[in-house]
Amino acid sequence: MLTVEEAIETILRDIVPLETVEVPLTDAFGYVLAQDLYADMDNPPFDNSAVDGYALFWEDVQSASEDAPVYLVEVGEVPAGGGAIQPLKRGQCVRVMTGAPIPERANAMVMVEDTRRDPRGVAVTAPVRPGNHIRRRGEDVREGAHILSPGTHLGAAEVAMLAAMGCSAPRCYRRPKVAVISTGDELVEPARKPGPGQIRDCNRYALAALVAEAGAELHSITHLPDDEARTEAWFRACAGLDGSDPADVIVTSGGVSVGDRDFVKPALERLGTLEMWKVRMKPGKPIAFGRIAETCFFGLPGNPVSTMVTFELFVRPALWKLSGRKQLQRQIVPVRLNGEVRRRAGRREYIRATVRWKDDRFEATPTGSQGSGILSSMLEANGLVVIPEEASHIAAGTVLPAIILSLPAPESSN
Ligand code: AMP
Ligand code: MG
């Protein structure tokens, strides 16, 4: 049996990012950049005002106060989007809106709140410092500067920067296409009331959600009965062996153990290669990984918690690597366990927990019973507390690592 680390290493070893595509900026959120981004111009491109107010010479208003305002002659107005205006002279001011260009020679802005319009001119009622409220050309980004690298996940800030630098169709890695398959004769559609011995199919929908959350797309989504021939035929189709458009990844739930009606592993072995089976962990254990033609194959266990946790640990990093991401790990933080754990040593265990900041540290509260069929234990769980293989008793208050499910690690913490 492999350790979790060996399993991840086995899975990621031969995975390389998919080909690249140009993505319109409006769709780019969630893609991973496949190009460098250099600044094509200074940003901001011109000196501009950070406030609505008046451009002036700071020297003119050094003595200004509420009781003894300094009066300036207003010689113009620059709205946002406005063009150049004649150079300013001492004793003058120009009304300038936020983001509008500062007239030449002016060396400070006074905000409108520190002025009054008056028959004698613009009354400035407070002094200003040199450069006050002026945003300098290039203070954000200098022309030619390197801003983003391949492998960067595009969030809102990255998309904003691409827009600011004129990159309207960034080159990104294609998103992986995932074939989601649930297996089992006992499963019925959520819309149906299960009959005797039946249960509703949760994993198909959980997997679709996890695929979306990982930034991947569905190739197809299917339920298969426990039927050898149909299982094999569908795997062939998803891997493109019958000439159809192949998925990049096939993910199945259930049917991967050694029961008489578990057809996933034998089908994988017949059609492709099984590279790994069984990982020393809980929840989980029977996890098949392999390939059918060019398609990666993950046979996840059927218990809903096992399905979700093994997806997080093994499938998500594979999808991130296919998507071109550099950082494949989640953020891991030390947490103080709120409660004790007694168990049989031997397997790495992942405890579903609510991780929250309390007093001066993170505290992890297990979300109830940890059985692998206890779906409700996944609700409110924003972290997985990692119990080491050899531990059998963990006292309350012990500090352990927790994987934060919503967060990738920062680039530098690998
Ligand atoms: P299996 O590995 O196929 O024997 O499945 C293990 C357990 O998970 C069984 O109790 C199944 O009924 C359950 N299970 C399998 N697939 C699903 C699913 N899609 N939704 C909910 N439970 C499932
Ligand atoms: Mg089954």
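Positions are given from 1, in the same order as the sequence printed here. Both counts, for ligands and for their atoms, begin at 1 and track the order of listing.
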message: Taking 4.0 angstrom as the limit and counting only heavy atoms of I199, give me the atoms of ligand 1 inside it, by number and element.
response: 12 (O), 21 (C), 22 (N), 23 (C)
- prompt: With no hydrogens and no angle check, is any side-chain donor or acceptor of T307 less than 3.5 Å from a backbone partner on P301?
  reply: yes
message: At less than 4.0 angstrom from any non-hydrogen atom of N203, what atoms of ligand 1 do you find?
response: 16 (N), 17 (C), 18 (C), 19 (N), 20 (N), 23 (C)
- prompt: Which residue supplies the protein heavy atom nearest to atom 13 (C) of ligand 1, what is that atom called, and how far is it?
  reply: G302 O, 3.7 Å
message: Within the 4.0 Å heavy-atom shell around D201, which atoms of ligand 1 are there?
response: 18 (C), 19 (N), 20 (N)
query: Against heavy atoms of R200, which atoms of ligand 1 measure under 4.0 Å?
result: 20 (N), 21 (C)
- request: Determine, using heavy atoms of C202 and all atoms of ligand 1, whether some pair is separated by less than 4.0 Å.
  value: yes
message: Students should be able to answer this: which protein heavy-atom is nearest to atom 4 (O) of ligand 1, and at what distance?
response: D262 OD1, 4.4 Å
- prompt: Hey, are R236 and D242 close enough for a salt bridge, meaning a charged N less than 4.0 Å from a carboxylate O?
  reply: no
query: Are E5 and R348 within salt-bridge range, i.e. N to O under 4.0 Å?
result: yes
4.0 Å heavy-atom contact, H223 with ligand 1: no
- request: Side-chain contact test, heavy atoms from C-beta onward, threshold under 4.5 Å: evaluate it for R352 versus L384 and give yes or no.
  value: yes
- request: Identify, for atom 12 (O) of ligand 1, the protein heavy atom at the shortest distance, and state residue, atom and that distance.
  value: E186 OE2, 2.6 Å
- request: Without swapping roles, check the side chain of D114 against the backbone of T125 for a donor-acceptor pair under 3.5 Å.
  value: no
message: Given the ring of Y54, does R95 sit roughly above its face, with NZ or CZ under 6.0 Å from the centre of the six-membered ring and within 45° of the axis?
response: yes
message: Can you confirm whether P150 sits close enough to D36 that some side-chain heavy atom of one is under 4.5 Å from a side-chain heavy atom of the other?
response: yes
L187 and ligand 1 - part of the residue with a heavy-atom distance under 4.0 Å: side chain
query: With a 4.0 Å cut-off on heavy atoms, is G255 touching ligand 1?
result: yes
task: Would you verify whether the NZ or CZ of R316 falls within 45 degrees of the ring axis of F311 while also being under 6.0 Å from that six-membered ring's centre?
output: no
field: Those atoms of ligand 1 less than 4.0 Å from some heavy atom in N303
entry: 6 (C), 7 (C), 8 (O)
